[in-house]
Participant: 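Once you've had a glance at the structure underneath, I'll fire off some questions.
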Amino acid sequence: MAQILLHGTLHATIFEIDRLRGTGGGNIFSKVLDHIEETVGIGDGKTQLYASIDLEKARVGKTRIIEKGTSNPKWYESFHIYCAHMASNVIFTIKDANPIGATLIGRAYVSVHELLDGEEIDRWVEILDDDKNPIHGGSKIHVKLQYFDVTKDRNWGGGIRSAKFPGVPYTFYSQRQGCKVSLYQDAHVPDKFVPPIPLAGGKNYEPHRCWEDVFDAITNAKHLIYITGWSVYAEIKLIRDSRRPRPGGDVTLGDLLKKKASEGVRVLMLVWDDRTSVGLLKKDGLMATHDEETEHYFQGTDVHCVLCPRNPDDGGSFIQDIQISTMFTHHQKIIVVDSELPSGGSDKRRIVSFVGGIDLCDGRYDTAFHTLFRTLDTAHHDDFHQPNFTGACISKGGPREPWHDIHSRLEGPIAWDVLYNFEQRWRKQGGKDLLVQLRELEDILIPPSPVMFPEDHETWNVQLFRSIDGGACFGFPETPEDATRAGLVSGKDNIIDRSIQDAYINAIRRAKNFIYIENQYFLGSSYAWKADDIKPEDIGALHLIPKELSLKIVSKIEAGERFRVYVIVPMWPEGLPETGSVQAILDWQRRTMEMMYTDIIQALRAKGIEDDPRNYLTFFCVGNREVKKPGEYEPSEKPEPDSDYIRAQEARRFMIYVHSKMMIVDDEYIIVGSANINQRSMDGARDSEIAMGAFQPYHLSTRQPARGQIHGFRMSLWYEHLGMLDQTFLLPESEECIRKVNHIADKYWDLYSSESLEHDLPGHLLRYPVAISSEGVITELPGFEFFPDTKARVLGAKSDYMPPILTT
């Protein structure tokens, strides 16, 4: 049967199965259970039934397990499913879970054709075996389905129409009003770096400085400092700009936190316990978190530092539990403090939170200059980070790995949501109940309330999103019904908050003119990848973001409207670029790009348009190249001969590592957080993540382009990357803009990759070094099978020994 595009929302309910009886009244499970007990030696004579919903081979929903020896299992579970899938059937699969996996009972099919008119389908559907014959006893499953096409959504392509926009629906946290947001590019911005960027109301954009603000927030806290991180390193210094000194700024983070704790401030830290020490990832240089050093540093002090592993939610199979605890991480990067009131003159305190991509650890301090060699005797002498070469160290010299990242500070009611997230996580994994009892501070602490007047044009509406499950979060509801009411998703054996993915999907669907993404990874929608040398259903990178982006572009091509998507990623994921895990991730990235470009080229052809697909969707990386200057740091040793390290040192170039996790839509809406565009971050039951989505109600692109803080922030980022500002950048959706940006990035790539070097690179934005065939196939850019100075393939390579769950 022909597959049809389902792009919209599917509401599904699985009620019950009428009877599960074999012939002669025997239970259909007896042979399944006998087999499990015999082969595994595990079993207690109970069935563990669950049902899942698939759109062809993509799993989009799972019921809880029913642990009863019943022939009439009842779930009564409802699902709100975002779909962007080609499918001929909605498939309900019934399985019996067991300690090492699951055994198939049968499948029921509802044709997609029947859903397209949007009418509700409520029926009993026959359960079939693999040969499409009814299973014994003619069992049926009772389901209800209703499909809402994306074009019927009043927000589709309409942007944020008014200040009354309620936020992303079906989520744990609702949108908060009267907030204040500060956006940060990199850990620090030097004085006078950003040229005048005009905003609405006659103002110019003013940058904020992340680590200065973090230093001040910690220094001024009186009652609580809560920190979560993938990595926290006690030996770093937050203040390093000699032109902007701070009293006490020469102290290390560890000493600052110990000092605050000794003053009576409750300092609680949740740092990911890197259980892996998984050989496969460790040896490729991907993980170096200092978790044990940090725990040891704070032992015997007043700082409470807890290493928390990524524990599975209860109830998974033995295999799943091992996967979760050794393969996945705690990835949230938050700080919550109590703070004085901005006006001063009062003993009252309020809650302020920080959320984003920057961990408080080594290698993160950088400015928009992203130098390779010129700060090796100053800001980076004691913080030399270069995990992409074997044996790299300060005594052998640069290039260091520059670090580009994005973070935010949140004030107002939204800051309390970040606090509640910390409390939920501490109650689950913190051990002792050391949380500050907020009731005891009610005379001092201002409760959640707006910090901006409704008529203030600088006010923000902000919503908090997460990827997390009950294994990492206290207080999630027990039942699927309660989970649904709380804006959570029930899985087979866990309750999941997957709202970061939902936020991205909603924002992409709302988009009118352009989308700008910076992310450390870009892979997903594997159900739509070409099945040339893989089985897409085995990959499991099922999140919708890449497919939603390509479908948005396609819809605009079909409507004859302009729409552009700009994506910045690192050249390669941090680590030795030739190794198996890095090459596997690059391979997934290539397949993702190929799926998207194939969609775009087919849409252009259908309209009879001949155009470069890079004028609709364009990928970049960033890098730097510096001529040698007199007085530069001189290393005492040399890298190994004929190594990537010595080649990069002699060529005076290296990638700038993009660690941002950000999306800007139409200069009116921004998402900033810790979540990458991969399955680990978007799944909800893998890495734990946090993000915020925000807009300024007085700066929407309703009648004219938005010119609020988000616009200023994007222009400041583009100035950092391109080394210039241009009038065309004001309208990223225009053909002039995307052609100009592509042209500059092509030119900078030529300068970056050339044999000789006469001047510093004038900007950092580089074309991502791949070509696109007339059929949408991603191929090598002529002359660039390998990244410069390496023997690492740009297109990556499929790994036959590393399971996709590790690298997606």
Side-chain angles (χ1 to χ4, degrees), residues 186 366-376 386 388-389 392 397-404 518 520 522 566-574 576-578 582 586 589-590 593 614 618-629 632 639 643-660 717-724 726 738-772 778-796:
D186 305 308
D366 211 349
T367 73
F369 294 116
H370 297 302
T371 62
L372 305 175
F373 298 94
R374 291 178 187 156
T375 51
L376 295 186
Q386 182 46 282
N388 303 275
F389 303 136
R400 60 177 278 271
E401 178 186 68
W403 195 273
H404 175 66
E518 293 187 7
Q520 184 187 0
F522 193 86
Y566 302 76
V567 183
I568 301 183
V569 291
M571 259 186 225
W572 66 80
E574 192 178 54
L576 307 179
E578 296 89 350
V582 173
L586 290 169
Q589 177 180 279
R590 172 188 66 81
M593 289 180 178
R614 283 180 70 221
T618 181
F619 288 89
F620 307 100
C621 50
V622 280
N624 201 4
R625 199 166 184 191
E626 296 171 339
V627 293
K628 188 156 188 175
K629 284 198 170 173
E632 216 176 70
S643 62
D644 291 3
Y645 192 2
I646 190 75
R647 282 189 287 271
Q649 192 173 91
E650 288 170 351
R652 307 275 303 179
R653 65 188 166 201
F654 198 67
M655 71 166 169
I656 296 164
Y657 196 58
V658 177
H659 192 258
S660 327
L717 287 167
W718 282 28
Y719 178 73
E720 171 182 337
H721 299 322
L722 288 147
M724 60 178 285
D726 189 275
I738 199 158
R739 284 182 185 276
K740 184 165 190 96
V741 173
N742 278 335
H743 174 72
I744 294 169
D746 290 356
K747 186 174 81 178
Y748 290 174
W749 174 260
D750 291 343
L751 291 169
Y752 178 87
S753 58
S754 68
E755 289 300 310
S756 60
L757 173 68
E758 291 168 18
H759 306 284
D760 288 356
L761 213 54
H764 301 143
L765 192 74
L766 312 175
R767 172 195 184 130
Y768 198 83
V770 295
I772 308 146
I778 300 294
T779 59
E780 289 165 11
L781 199 59
F784 294 103
E785 180 184 358
F786 306 114
F787 291 108
D789 309 318
T790 78
K791 282 283 175 266
R793 293 193 66 230
V794 173
L795 301 183

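This one's a predicted model, so the numbers in the text were calculated from it and none came from an experiment. Nothing fancy with the numbering, it's 1 onward along the sequence. Values below: all heavy atoms of this structure, side chains included; hydrogens, waters and symmetry mates excluded.
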Participant: So do the side chains of I772 and T779 get within less than 4.5 Å of each other, counting heavy atoms only?
Facilitator: no
Participant: Side-chain contact, heavy-atom cut-off 4.5 Å: T375 with R400?
Facilitator: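 A side-chain contact under 4.5 Å exists here.
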Participant: Measure from the side-chain N and O atoms of R625 to the backbone N and O of L751, and report whether any donor-acceptor pair falls under 3.5 Å.
Facilitator: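 Answer holds: yes.
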Participant: Can you tell if the side chain of S660 reaches within under 4.5 Å of the side chain of L717, non-hydrogen atoms only?
Facilitator: no
Participant: Could you tell me which residues satisfy side chain to side chain contact (heavy atoms under 4.5 Å, CB included) with D760, sequence neighbours excluded, listed by chain and number?
Facilitator: R374, E626, V627
Participant: Could you check H721 against E518 for side chain to side chain contact (heavy atoms under 4.5 Å, CB included), going step by step and ending with a plain yes or no?
Facilitator: CA-CA 11 Å; H721 299 322; E518 293 187 7; 2.9 Å; yes
Participant: Between OH of Y748 and NE2 of H743, what distance do you get to the nearest 0.5 Å?
Facilitator: 9.5 Å
Participant: What pairs with A368 under side chain to side chain contact (heavy atoms under 4.5 Å, CB included), at least two apart in sequence or on another chain?
Facilitator: D186, F193, E720
Participant: Taking all non-hydrogen atoms of both residues, which atom of C621 and which atom of P570 are closest, and how far apart?
Facilitator: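 For C621 and P570, the tightest heavy-atom pair comes out as CB-C, 4.0 Å.
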Participant: Is any side-chain heavy atom of W403 closer than 4.5 Å to one of E574?
Facilitator: yes
Participant: Main chain of T790, side chain of R647: is a donor-acceptor contact present, judged purely on distance under 3.5 Å?
Facilitator: no
Participant: Any side-chain heavy-atom pair from W718 and Y566 closer than 4.5 angstrom?
Facilitator: yes
Participant: Counting C-beta onward and ignoring hydrogens, is there a side-chain heavy-atom pair between F619 and V770 closer than 4.5 Å?
Facilitator: no
Participant: Which heavy-atom pair separates R614 from I738 by the least distance, and what is that distance?
Facilitator: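 So the minimum-distance heavy-atom pair works out to O-CD1, 3.7 Å.
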Participant: By side-chain hydrogen bond (donor to acceptor under 3.5 Å, both in side chains), which residues pair with N388, not counting sequence neighbours?
Facilitator: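 side-chain hydrogen bond (donor to acceptor under 3.5 Å, both in side chains) list for N388, sorted by chain: Q386, E401, W572.
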Participant: Supply the atom-to-atom distance R793 CZ to F786 CZ, rounded to the nearest 0.5 angstrom.
Facilitator: 7.5 Å
Participant: Applying side-chain hydrogen bond (donor to acceptor under 3.5 Å, both in side chains), which residue pairs with at least one partner in residues 649-658 are found, sequence neighbours left out?
Facilitator: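 Those involving residues 649-658 are Q520-Y657, E632-R652, R653-D789.
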Participant: Testing the basics here: between V741 and L765, what is the closest heavy-atom pair and its distance to 0.1 Å?
Facilitator: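 Nearest heavy atoms, V741 then L765: CG1-CD2, 3.7 Å.
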Participant: What is the distance from atom CZ of F522 to atom CD of Q589, rounded to the nearest 0.5 Å?
Facilitator: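 Rounded to the nearest 0.5 Å, the CZ-CD separation comes out at 8.5 Å.
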Participant: Taking N742 for its side chain and T618 for its backbone only, find out whether a donor-acceptor pair lies under 3.5 Å.
Facilitator: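 No; judged by distance alone, with no hydrogens or angles, the pair does not exist.
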Participant: Between D366 and I656, does a side chain to side chain contact (heavy atoms under 4.5 Å, CB included) hold up when you go through it step by step?
Facilitator: CA-CA 10 Å; D366 211 349; I656 296 164; 5.6 Å; no
Participant: Who pairs with F784 by ring-ring contact (aromatic ring centres under 6.0 Å, His included), at least two apart in sequence or on another chain?
Facilitator: W749
Participant: Compare all side-chain heavy atoms of K740 with those of L722 and state whether any distance is below 4.5 angstrom.
Facilitator: no
Participant: I'd like to check the side-chain hydrogen bond (donor to acceptor under 3.5 Å, both in side chains) partners of H764; sequence neighbours left out, ordered by chain and number.
Facilitator: none
Participant: Are the side chains of L795 and E780 in contact, using a 4.5 Å heavy-atom criterion?
Facilitator: yes
Participant: Do the charged groups of D750 and K747 touch, with an N to O distance under 4.0 Å?
Facilitator: no
Participant: For a quick test of reading the model, state the closest non-hydrogen atom pair linking L586 to Y768 and the distance between them.
Facilitator: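 For L586 versus Y768, the nearest heavy atoms are CD2-OH, 3.5 Å.
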Participant: Which atom pair, heavy atoms only, marks the closest approach of N624 to Y752?
Facilitator: O-CE1, 3.4 Å
Participant: Over all heavy atoms of both residues, which pair between F373 and P399 is shortest? Give the atoms and the distance, please.
Facilitator: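 In this case the closest contact between F373 and P399 is CE2-N, 3.5 Å.
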Participant: With ring-ring contact (aromatic ring centres under 6.0 Å, His included) as the criterion, how do F389 and F654 come out once you've worked through the C-alpha distance, each side chain's angles and the decisive distance to 0.1 Å?
Facilitator: CA-CA 11 Å; F389 303 136; F654 198 67; 5.3 Å; yes
